[in-house]
Amino acid sequence: MRELKESLLQLITETSTNLPPDVRHAIAKAKKKEDAGTRAALALTTITDNIQMAEDKVSPICQDTGMPTFYIHVPVGVNQMELTRAIREAIVEATKTGKLRPNSVDSLTGENSGDNLGEGVPVIHYEQWEKDEIEVRLILKGGGCENKNIQYSLPCELEGLGRAGRDLDGIRKCILHSVYQAQGQGCSAGFIGVGIGGDRTTGYELAKKQLFRKTDDTNPHPDLARLEDYILDKANQLSIGTMGFGGNTTLLGCKIGSMHRIPASFYVSVAYNCWAFRRQGITLDPTSGKITGWLYKDEPKAETVTVTEPPAAPETATSSREVRLTPPISEADIRSLRVGDVVILDGIIHTGRDALHKYLIDHDAPVDLTGGVIYHCGPVMLKNPEGGWEVKAAGPTTSIREEPYQADIIKKFGIRAVIGKGGMGARTLQGLKEHGAVYLNAIGGAAQYYADCITGVEGVHFMNFGVPEAMWHLRVKNFAAIVTMDAHGNSLHKDIEMDSLEKLAQFIEPVFS
């Protein structure tokens with residue numbers, strides 16, 4: 001039992017802290033295709049730096065370690081209850097050591113279990129096979145990309161693409177639309193798994209299983225192989241780009257599976273995954289529980305990236321200023337900023353996510369937020385031997401969830417800057433303009449890069465909300481983010497969305513008969 005638990009703990013640690021070679025290769029290809037000096041290129045540089053930092057520190061690549069989901073094949077006769085107990089023990093240990101963030105929340109009370117255990121957590125799927133070894137695959141899929149999953153029921157009408165019918169061309173339109181609707185909120189550039197058919201449940205399950213395929217494999221079904229290649233090519237012509245900043249790479253991989261359905265239902269289910277594509281697998285000796293092999297550690301074939309015609313430098317090319325600010329920030333300093341400016345923060349910032357925003361609508365803040373900065377972040381935190389807090393991972397969370405609250409909180413507390421990822425909506429944009437504030441887009445998933453900018457933890461409030469939702473007061477130095485929504489009504493996110501919708505419409509005509 002001890003050997004089995006240690007093997008599973010090693011799997012969890014490797015999955016959380018070290019991207020597989022095929023994923024790294026896809027990101028490296030994307031980086032080569034971007035024009036030097038653009039926001040997308042700078043974001044990809046940060047991403048590659050973060051990947052190496054996570055590996056070196058053996059710390060989470062992204063602070064949102066997601067819902068641990070295991071797919072397990074076992075020989076006949078293996079005690080699945082014993083294996084489940086070992087998985088749960090390994091999950092608890094990985095949480096204690098900061099390899100996983102405590103993410104299990106009671107849906108009725110909002111209470112965080114603190115150890116990543118709970119009703120239905122972790123997710124474990126078993127299947128028997130005739131081999132004499134155990135195979136365990138694990139995926140850690142964070143909430144930002146999980147929230148961009150989407151399911152279509154054919155026939156349907158799609159924005160920019162018109163009618164999608166019950167055929168291969170209708171499927172094509174749904175998949176393209178799924179990439180468009182994600183924009184930068186799923187930490188693009190991303191990967192998608194697609195499930196065709198089944199019912200609503202099995203369709204999503206098939207889509208998620210596609211994410212376990214290697215990025216350089218070839219679909220055995222010729223029509224699906226052709227469709228995968230088509231989607232990867234055309235989705236990148238939408239120019240949504242890394243983090244939704246615009247650019248040449250929006251999608252890093254597309255894998256499609258198909259299953260039978262009933263006549264009345266035709267579903268196309270899409271599982272979106274961010275660039276921090278954390279999946280790994282091992283084989284185990286069923287007697288000893290020792291690891292006998294790894295499934296995703298082999299190096300992919302070297303590939304030369306060629307661009308036949310260098311793309312013209314897009315409008316997102318860096319021509320902006322770099323501005324250093326220290327909270328509390330004046331309205332005049334904020335009004336001087338424009339979309340595209342890079343802001344470097346030194347001083348105190350405050351984390352705040354869903355629970356805090358809901359609370360602040362009806363209550364006073366525990367600290368003075370006038371001229372302050374709210375960081376949409378749910379960090380991974382550990383106590384150090386001296387009793388203080390250590391930041392293990394601290395990247396941004398998806399901001400759009402706070403759209404119902406943000407403008408009111410900016411007005412109520414005099415906040416000057418909001419940091420997050422993926423942008424926010426029209427109500428927040430109007431609030432920024434009226435009250436003199438900006439939205440700063442940090443690089444999603446870059447949890448080690450931003451943790452390195454945090455020089456101290458000044459305090460914490462609302463630990464009853466759980467570690468991710470608590471209000472952490474962090475001292476930062478050289479914390480960089482890009483102004484993507486300014487105090488003059490300008491929004492890069494709105495511009496990119498409108499531009500990508502126009503590009504999406506060029507694919508309305510049938511391609512697959």
Output yes when a side-chain donor or acceptor of [X] lies under 3.5 Å from a complementary backbone atom of [Y], and no otherwise.
X: S16; Y: L100; value: no
X: E3; Y: S288; value: no
X: D169; Y: F512; value: yes
X: T13; Y: L9; value: yes
X: N50; Y: A447; value: yes
X: T202; Y: D199; value: yes
X: S188; Y: C274; value: no
X: K173; Y: L161; value: yes
X: R278; Y: K141; value: no
X: N236; Y: T250; value: yes

Worksheet entry | Y152 versus H177, side-chain donor and acceptor atoms under 3.5 Å | yes

Worksheet item: Any chance the side chains of S178 and Y272 put a donor and an acceptor closer than 3.5 Å?
Response: no

Practice prompt. Using the six-membered ring of Y296, assess whether NZ or CZ of R279 lies under 6.0 Å from its centre and within 45 degrees of the ring axis.
Written response: yes

Worksheet entry | Trace of the side chain to side chain contact (heavy atoms under 4.5 Å, CB included) decision for W294 with T283 | CA-CA 6 Å; W294 291 85; T283 53; over 6 Å; no

Once you round to the nearest 0.5 Å, how far does [atom1] of [X] lie from [atom2] of [Y]?
X: I256; Y: I231; atom1: CD1; atom2: CD1; answer: 6.0 Å
X: N441; Y: T484; atom1: CG; atom2: OG1; answer: 4.5 Å
X: T109; Y: N112; atom1: OG1; atom2: CG; answer: 9.5 Å
X: L252; Y: H25; atom1: CG; atom2: NE2; answer: 11.5 Å
X: L251; Y: L238; atom1: CG; atom2: CG; answer: 9.5 Å
X: S59; Y: K99; atom1: OG; atom2: NZ; answer: 6.0 Å

Quick check: closest heavy atoms across [X] and [Y], and the distance to 0.1 Å?
X: I240; Y: S500; value: CG1-CB, 3.7 Å
X: D217; Y: R213; value: OD2-NE, 2.9 Å
X: K33; Y: N248; value: O-ND2, 2.8 Å

Taking the side chain as C-beta and beyond, is there a heavy-atom pair between [X] and [Y] under 4.5 Å?
X: V78; Y: V76; answer: no
X: I150; Y: Q181; answer: yes
X: K421; Y: I443; answer: no
X: T428; Y: Y439; answer: no
X: Q448; Y: I61; answer: no
X: M485; Y: L492; answer: no
X: T249; Y: E34; answer: yes

Discussion item. Please list all pairs meeting salt bridge (Lys or Arg N to Asp or Glu O under 4.0 Å) that have one or both residues in residues 58-79, counting only residues at least two apart or in different chains.
Written reply: D64-R101

Practice prompt. Going by the side-chain contact (heavy atoms from CB on, under 4.5 Å) test, name the single residue among L211, N149, V23, I192 that passes it with N273.
Written response: L211

Item to complete: Tell me, please, which residues at least two apart from D499 pass salt bridge (Lys or Arg N to Asp or Glu O under 4.0 Å).
Response: K503

Discussion item. Please check if the number of heavy atoms outside D132 that lie under 6.0 Å from its CG is greater than 12.
Written reply: no

Worksheet entry | side chain to side chain donor-acceptor pair (under 3.5 Å) involving K57 - partner list, sequence neighbours excluded | none

Worksheet entry | Geometric class of the F212/Y71 ring pair [parallel <30°, tilted 30-60°, perpendicular >60°] | perpendicular

Charged N-O contact under 4.0 Å between [X] and [Y]:
X: K5; Y: E82; value: no
X: R401; Y: D354; value: yes
X: R226; Y: E228; value: no
X: D115; Y: K96; value: no

Discussion item. Are H357 and H376 an aromatic pair, judged by ring center distance below 6.0 Å?
Written reply: yes

Worksheet item: Can you list the steps and then say if M67 with N103 is a side chain to side chain contact (heavy atoms under 4.5 Å, CB included)?
Response: CA-CA 7 Å; M67 175 83 78; N103 268 357; over 6 Å; no

Practice prompt. Please lay out, stage by stage, how I91 and R88 fare under the test side chain to side chain contact (heavy atoms under 4.5 Å, CB included).
Written response: CA-CA 5 Å; I91 286 285; R88 291 171 65 87; 5.5 Å; no

Worksheet item: When you look at Y126 and H73, which way does the ring pair (Phe, Tyr, Trp, His ring centres under 6.0 Å) test go after all the steps?
Response: CA-CA 6 Å; Y126 285 103; H73 283 90; over 10 Å; no

Worksheet item: What do the steps show when you test L501 against E159 for side chain to side chain contact (heavy atoms under 4.5 Å, CB included), and what is the final call?
Response: CA-CA 8 Å; L501 180 60; E159 185 180 17; 3.6 Å; yes

